[in-house]
Amino acid sequence: MTGCEAALAGGPEQSFTASLLGEIAHLLGQLAASGTGGAIDLRSLPLQAADREALERALGRGEVEARLTTAGGSEVFETTYPGVWWVRHRGADGRISSETIEVTLIPEILKTHADDLAGARGRLAEAIENRLFEFQAGEVE
Amino acid sequence: MKTDLRLGDMLQARGVSRRAFLKYSSYLASLLALPPSAAPVMAAALANAKRQSVIWLSFQECTGCTESLTRSHSPNLEDLIFDFISLDYHHTLQAAAGDAAEHAREAAMAANKGKYIVVVDGSVPVKDGGIYSAIAGISNLDMLQETVKDAMAVVAVGTCAAYGGLPGANPNPTGAVAISTLVTDKPVINIPGCPPIPEAMAATLAHVITFGKLPELDNLGRPKAFFGVSIHDRCYRRPFYDKGEFAESFDDEGAKQGWCLYKLGCKGPVTNNACATLKWNSGTSFPIQSGHPCLGCSEPKFWDMGGFYKALSEPMVDIPKMVGAAALAGGVAGVATGLLNRSKKAKAVKSHQKVTVDDLTKGDAS
């Protein structure tokens with residue numbers, strides 16, 4: 001029995017998880033049909049820790065995981081259902097600041113923004129011009 | 001005070017990536033009860049926005065509001081708000097003093113005419129020409145009127161600025177009034193609380209910077225995202241209220257079991273705020289979770305509400321039955337209880353009952 005099947009087979013206490021799974025399935029169908037998915041803000045729902053854990057168990061962890069180190073840590077992982085991502089942002093104190101289920105090909109937070117790209121291009125060109133990467137023979141093993 | 005650069009460019013130069021903007025916007029969208037799809041739009045708008053000039057005026061206050069905003073979180077995500085604003089005048093925080101400080105305020109007003117936001121904490125005394133509080137020889141009343149003249153909007157933080165607060169409590173010796181009483185030709189946002197929740201202050205400012213307009217406000221001028229629901233309705237002890245299980249004193253079995261604090265004077269049913277969801281001290285707890293009734297600190301006249309430990313009213317009906325009926329009648333009973341409590345609150349305010357030692361051991365609730 002998969003985590004998802006276990007959640008759906010559970011008693012009334014699993015009803016929140018079952019409802020969310022239904023919504024995720026709907027968004028996944030939408031993504032497959034039109035290329036437009038959606039997102040669910042878990043912090044806007046009256047979820048208890050047990051509900052959140054049940055949902056995470058039901059969706060499981062897939063083959064992609066990423067960690068961000070900007071403005072505190074963040075965890076992003078694809079669930080066992082490709083296209084369904086769990087995005088959990090934390091502040092510097094480790095407290096969860098936002099938590100969403102994103103149904104998309106790739107979460108926006110993982111993409112490189114065009115402005116950052118332009119900045120990186122400029123910085124790299126400057127570094128090359130200033131010979132910041134010039135190594136003397138024998139310096140690099 | 002340089003405000004001509006886009007926030008995106010300014011922060012990129014300091015190594016803040018667009019991912020940080022997006023992460024902050026996800027946090028804001030969640031706080032402001034906006035859909036997650038709003039986050040990328042907000043991130044783009046924030047990156048294109050200019051740094052917002054803010055002039056912070058402190059009048060009859062205790063500095064608790066400033067403490068709340070500046071000390072509640074560890075740095076990084078939540079503190080990004082301080083990168084988005086240019087705090088051009090705040091006499092508690094600024095290094096300048098005397099004439100130099102006042103010149104900084106005047107310079108910010110001139111450089112950002114019609115675009116700056118004035119944040120005010122504290123009430124303004126108007127009795128006897130406003131002589132009871134002055135800064136640099138300028139009465140609070142004169143300084144407020146002079147500063148808001150060319151402002152884009154005014155944000156009254158804390159219950160003193162929003163409703164008069166403690167200085168305005170009976171007998172109000174200085175004639176303290178709320179900012180909205182004096183500022184009638186500019187948008188005024190009230191973020192009450194003693195002190196206000198830091199997220200409410202930061203997110204409201206971020207909303208104005210991001211969207212260039214005020215968030216949706218309730219009839220008391222408060223952002224609905226934070227003040228749209230009563231503490232009672234979001235309280236984790238609410239099921240005990242619905243079952244009619246109340247603590248009768250601070251050390252009885254009900255208190256130990258974590259039952260509802262309504263009979264110990266909890267003002268949660270008539271207090272709209274986000275304490276039950278956002279909590280305090282980095283999400284650790286809030287008064288009710290710590291076993292103390294809500295004082296109603298974000299409501300007008302909360303000091304004169306009849307005593308912190310006096311129940312709003314004894315439930316006169318069988319609560320579980322009434323809640324059952326409410327489920328069928330679409331919450332009518334809840335509305336009725338709310339109206340009953342508000343009526344009781346208004347009566348108490350009118351007759352101003354002082355808190356006594358007896359109140360601490362819960363006297364007659366009528």
Does a sphere of radius 6.0 Å around [atom1] in [X] hold more than 12 heavy atoms from other residues, nucleotides or ligands, not counting ones at 6.0 Å or beyond?
| X | atom1 | value |
| --- | --- | --- |
| A:E129 | CD | no |
| A:R52 | CZ | yes |
| A:Q30 | CD | yes |
| A:R61 | CZ | yes |

> About how many Å separate OH of B:Y27 and CD1 of A:I96, when rounded to the nearest 0.5 Å?
Replying inline: 13.5 Å
> Under a 4.5 Å heavy-atom cut-off, does chain A meet the side chain of B:S30, its backbone, both or neither?
Replying inline: both
> Is it the side chain or the backbone of B:L31 that comes within 4.5 Å of chain A heavy atoms, both, or neither?
Replying inline: side chain
>> As a test of understanding, state which of A:H113, A:K111, A:H89, A:E108 forms a side-chain contact (heavy atoms from CB on, under 4.5 Å) with B:L22.
In response: A:E108
>> Applying the side-chain contact (heavy atoms from CB on, under 4.5 Å) criterion to B:R19, which one of A:T69, A:L110, A:T112 satisfies it?
In response: A:T112
> What is the minimum heavy-atom distance between B:A20 and A:T70, and which atoms define it?
Replying inline: CB-OG1, 3.4 Å
> chain B heavy atoms under 4.5 Å from A:L42: which part of the residue, side chain, backbone, both or neither?
Replying inline: neither
> Between B:R18 and A:D115, is there a salt bridge with N-O shorter than 4.0 Å?
Replying inline: yes
> For B:K23 and A:S74, what are the C-alpha separation, side-chain angles and deciding distance, and is it a side-chain hydrogen bond (donor to acceptor under 3.5 Å, both in side chains)?
Replying inline: CA-CA 9 Å; B:K23 182 170 172 175; A:S74 301; 2.9 Å; yes
> Highest number of heavy-atom pairs under 4.5 Å with chain B: which of A:L68, A:D41, A:D116?
Replying inline: A:D116
> With a 4.5 Å limit on heavy-atom distance, are the side chains of A:R43 and B:T277 in contact?
Replying inline: no
